[in-house]
Colleague: 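Handing you a structure now.
Chain letters run A, B, ... following the sequence lines, proteins first, then strands; residues in each count from 1. Just so you know, these numbers come straight off a predicted model, no measurement behind them.
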Number of protein chains: 2
Amino acid sequence: MKSYHHGNLKQELIDCACRLCERDGYTKLSIRTLAKESGVSQTAPYRHFETKEALYASVAQDGFNKLSKAIHVDVDKKVNKKQIVDMAIKYIEFGLKNANTYDLMFGTAVGNFAEYPELLESANSSYENFRSSFSQLANDSDEVIAFKCITLWSMVHGLVGILRKAQVVADNSMVNPEAGPMSSAILIAGNLEDHLDKVISGIIEN
Amino acid sequence: MKSYHHGNLKQELIDCACRLCERDGYTKLSIRTLAKESGVSQTAPYRHFETKEALYASVAQDGFNKLSKAIHVDVDKKVNKKQIVDMAIKYIEFGLKNANTYDLMFGTAVGNFAEYPELLESANSSYENFRSSFSQLANDSDEVIAFKCITLWSMVHGLVGILRKAQVVADNSMVNPEAGPMSSAILIAGNLEDHLDKVISGIIEN
DNA sequence: TGTATTATGTTAGCAGTGTCAACATTTATA
DNA sequence: TATAAATGTTGACACTGCTAACATAATACA
């Protein structure tokens, strides 16, 4: 039954790569096992992805698309502070639940987004969600909006990184939980909504 | 002249690894080339580092030690807001100037710091610099200090990540600089001190 | 001091990787 | 229908992390 041509290999490779990257981390992914998983020869993926980085770019792009959906805010309703807080929480949840994919999106595995225009567009579009919500909050200039937006994004992005480190250490709990930044991070994670509410208020009323 | 035993191989391997990791990124580092660089056989490094991850841990540890020095604030003098701003700027500069090492410190290459107690201690000690400076600013409870501290750290850490992405894209300038988060990030980078001053004020007076 | 132990180095080799060149087959196009 | 393009396969190269078995030097101890 199996024909010489697969028919839908590219998409199947991407789907499979997304699954494996999220399950095992992108460093564990090999093109060869990916090909085997799709029942195709070792080098077949090279007809669709010039390099491994190009494959990573596709996985990262998929990640940004999912992130956009996850943090989406209905633009019809007027945006208020609570919605921004919600968005921040959803962002952090996405980062923690899709930790390995998040690495690919914000790490250095894909060196230069500009080499992958589709990825760049998906990434920018994710940010645009963020920005447009912010822009409805007050009558700020574009520059002020950019300022506030980057501030919040940086903090939320940074929190994901720090909470993840804390998670790993806490999961293995081999250290004194009284010491170090990890314990502080865990404190905050336990009270994330309040924390974000305060910080976001601070940024908005800046 | 060259004796069978190297004499100082472990330290030389670490130094060399730090150099190469920072120059080419840790993904490009191979134990074999590292050994060659030190004029020693392919497998000699395994007498000093059980796995490649253990080597990464040493490089990361060195990074945290350097970070501690870079952001160090003289504890004799009473700490004021300007010093916190300075510290934040030095942190960001460190992250941007030692971008590849920074990846190793805060990425996932070393999965669990608790497996490398010396690394964990260096990392915690870096944070302690941050925290103790903060604690002198006001008479806050430990919990409030932890809160403020993590907030600032997350933001500063997140900024490093985002500014780096912006840098790469800007360096290659293949995209419309009017669109996307990158341009906003560049705006802020050009005015980093003012930006941080505002944000830090917001956090302190929270 | 002489010997046993440990630390540190070497060689050879396995299984796995990204990538390329050459070739095969199917699909699209003129 | 002939030709070109797309998509697949096989085989191979150079490289990787890592292990086992062995060699030599430094150290500890009788």
Colleague: Can you say whether a donor on the side chain of B/Thr43 sits under 3.5 Å from an acceptor on the base of C/dT11, or the other way round?
Modeller: yes

Colleague: Tell me, do A/Lys69 and A/Lys66 make a side-chain contact under 4.5 Å, heavy atoms counted?
Modeller: no

Colleague: Can you tell me how far C1' of D/dA26 sits from CG of B/Asn8, to the nearest Å?
Modeller: 15 Å

Colleague: Using whole Å, report how far CZ of B/Phe49 lies from P of D/dT19.
Modeller: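 Going from CZ in B/Phe49 over to P in D/dT19 covers 16 Å.
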
Colleague: Mind checking if B/Ser41 touches a base, just sugar-phosphate, or nothing, with heavy atoms under 4.0 Å?
Modeller: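 Result for B/Ser41 = base.
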
Colleague: Can you check the A/Tyr46 OH to C/dA24 P distance for me, whole Å?
Modeller: 22 Å

Colleague: Nearest whole angstrom, please: distance from the P of D/dG8 to the CG of A/Leu34.
Modeller: 13 Å

Colleague: C/dG9 P sits how many Å from B/Ile31 CD1, rounded?
Modeller: 14 Å

Colleague: Can the positive tip of A/Lys97 be found less than 6.0 Å from the middle of the six-membered ring of A/Tyr102, inside 45° of the ring normal?
Modeller: no

Colleague: Could you tell me the separation between the NE2 atom of B/His72 and the CE atom of B/Met87, rounded to the nearest 0.5 Å?
Modeller: 10.5 Å

Colleague: Quiz question: going by heavy-atom distance under 3.5 Å, is there a donor-acceptor pair between the base of C/dG16 and the side chain of A/Arg32?
Modeller: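 No such pair is found, so the answer is no.
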
Colleague: What is the distance from NZ of A/Lys10 to C1' of D/dA6, rounded to the nearest Å?
Modeller: 13 Å

Colleague: Quick one: label A/Leu55 by what it contacts on the DNA or RNA (base, sugar-phosphate, nothing), any heavy atom closer than 4.0 Å.
Modeller: nothing

Colleague: Whole Å only: how far is the NZ atom of B/Lys52 from the P atom of D/dG17?
Modeller: 4 Å

Colleague: Just to be sure I understand the rule, does A/Ser38 reach a base, reach only the sugar-phosphate, or reach nothing, if contact means heavy atoms closer than 4.0 Å?
Modeller: nothing

Colleague: Between B/Asp15 and B/Gln11, is there a side-chain donor-acceptor contact under 3.5 Å, judged purely by atom types and distance?
Modeller: yes

Colleague: On DNA chain D, nearest-nucleotide positions of B/Thr51 versus B/Arg47: which is more 5'?
Modeller: B/Thr51

Colleague: Calculate, to the nearest 0.5 Å, the distance between atoms CG and NZ belonging to A/Leu20 and A/Lys28 respectively.
Modeller: 13.0 Å

Colleague: Using heavy-atom distances to pick each residue's nearest nucleotide on DNA chain D, tell me which of A/His48 and B/Gln42 is more 5'.
Modeller: A/His48

Colleague: What does B/Thr27 touch in the nucleic acid at a heavy-atom separation under 4.0 angstrom: a base, only the sugar-phosphate, or nothing?
Modeller: nothing

Colleague: Please give, in whole Å, the distance from D/dT10 P to A/Lys36 NZ?
Modeller: 12 Å

